[in-house]
Amino acid sequence: MEEEKLVRNYVLEKEVIKGLPEKVVIWEETLRDGEQTPGVFFTVDEKLKIAKMLDDMGVGIMDVGIPVVSKEEFKAVKAVANEGLKATIIGAARTVRSDIDACVEADVDETSIFVACSDLHLKYKLQMTREKVLDISVESVQYARDHGLKVSFVTEDTVRADLDFVTELYNACTEAGAQRAVLCDTVGVMTPSAMQWWIGEIKKRFKPVQLSVHCHNDLGMAVANTLAAIECGVEIPHTTVNGIGERSGNASFEELVLGLEMLYDYRTGIDLSKIYELSRTVEEISGIPIAINKPIVGYNAFSHESGIHADGVLKKTLTYEPIDCETIGRTRRFIFGKHTGQAAVADKLEKAGITATPEQMTKLVEGIKEMAEHKGKKEQVEFIKIFREREDERRGISDREFWDIAKNTGIEPPK
Ligand code: MN
């Protein structure tokens, strides 16, 4: 049997995808939405480091921050913008002149001007009418264009907004000079099929403009929804490394890229061999640990314990691993424990140049199971406790630190 025929993939085999765009360009959000992960901040040097890595790997567009946020943020955005990277560098702005001015001064190539557009956000958050939102949006797009910036127009909570208003808003902003429409599932409530219907409607209604989607992961759908949008011809998907971002985060860079490469046989132009290194760098700098069972970059993505799986993988990795771990700079590992079988043990001995008798093998496997099942859980419980305590008490500014700062302003902490 041919090797290729061992892989069955209905996406390719049955040509289930119709409208995949010719070119998909990743819009990386790690330095903007990713930095908005609760308790996370990046220094100027850290932003530069991540931006350079993303650029080296072939990311086409990155939003690197909101220059008006602080002096440090301004410095960071400006530093990245002036680093001479190949990627298009974007600075984000509210529909406020000073925000756009800060983007101009930060030397970015483009600005992403964002405004909320659902009635829910308009009524409770902005306390603005639709007319007012339309006016400030068009005015802001024009203002940015007049100051030499290309504009991506971004609407928060687009999927829960009235489609007629969304259409009116985008068409007005496109006419005012916005080159790209960024549609957001801000609270992660779409499904792939809903996304496909919705993008179809958008394409019927919008004046010609490049489409982009920004999907959140509140129900674990971010990557699937983003892929569904790409299947409908959306060219610019938003991602963050390790899927970090507000709440449960955004569509993860590594999952989307590997999804396109492996499942759609689509060349993203991203250097896959650096994926693991990038993921670990962002893990360290963000302080957000990667979940052990996180696809592609989690510890367990290429780990095996159970006898049947280890045996299969040792004979042919494709049996229980859909991705070749070397392509993303990883190695597989075997965990020895209760479910260990002879194959993994024999493999370990063989690699150490040791041959064991059948009796020794049986005893060794028995010994491993026996030890694993009687291992205390003290260390494991301690580890989880430290982790939880850190998240509960010390993420961001601690409670004590908060009241210390308050004290300095003359506020008396509660008794
Ligand atoms: Mn977001």
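Whatever order the structure lists them in is the order used to number ligands and atoms, beginning at 1. Since this is a predicted model, take the numbers as computed values, not measurements.
Metal site remark for the Mn ion (ligand 1): His216 contributes an N, O or S atom at a distance under 2.8 Å. The Mn ion (ligand 1) lies under 2.8 Å from an N, O or S atom belonging to His214. Among the backbone and side-chain atoms of Glu29, no N/O/S atom is found under 2.8 Å from the Mn ion (ligand 1).
Just one residue in the list Glu73, Glu72, Glu28 forms a salt bridge (Lys or Arg N to Asp or Glu O under 4.0 Å) with Lys47, and that residue is Glu73. Partner of Glu110 under the salt bridge (Lys or Arg N to Asp or Glu O under 4.0 Å) criterion, chosen from Arg180, Arg145, Lys150: Arg180.
Asp33 contributes atom OD2 as its closest N/O/S atom to the Mn ion (ligand 1).
Contact check on Asp56 versus Lys52 returns no salt bridge, with no Lys/Arg side-chain nitrogen under 4.0 Å from an Asp/Glu carboxylate oxygen.
One side chain, Asp33 or His214, offers a donor N or O that lies under 3.5 Å from an acceptor on the other.
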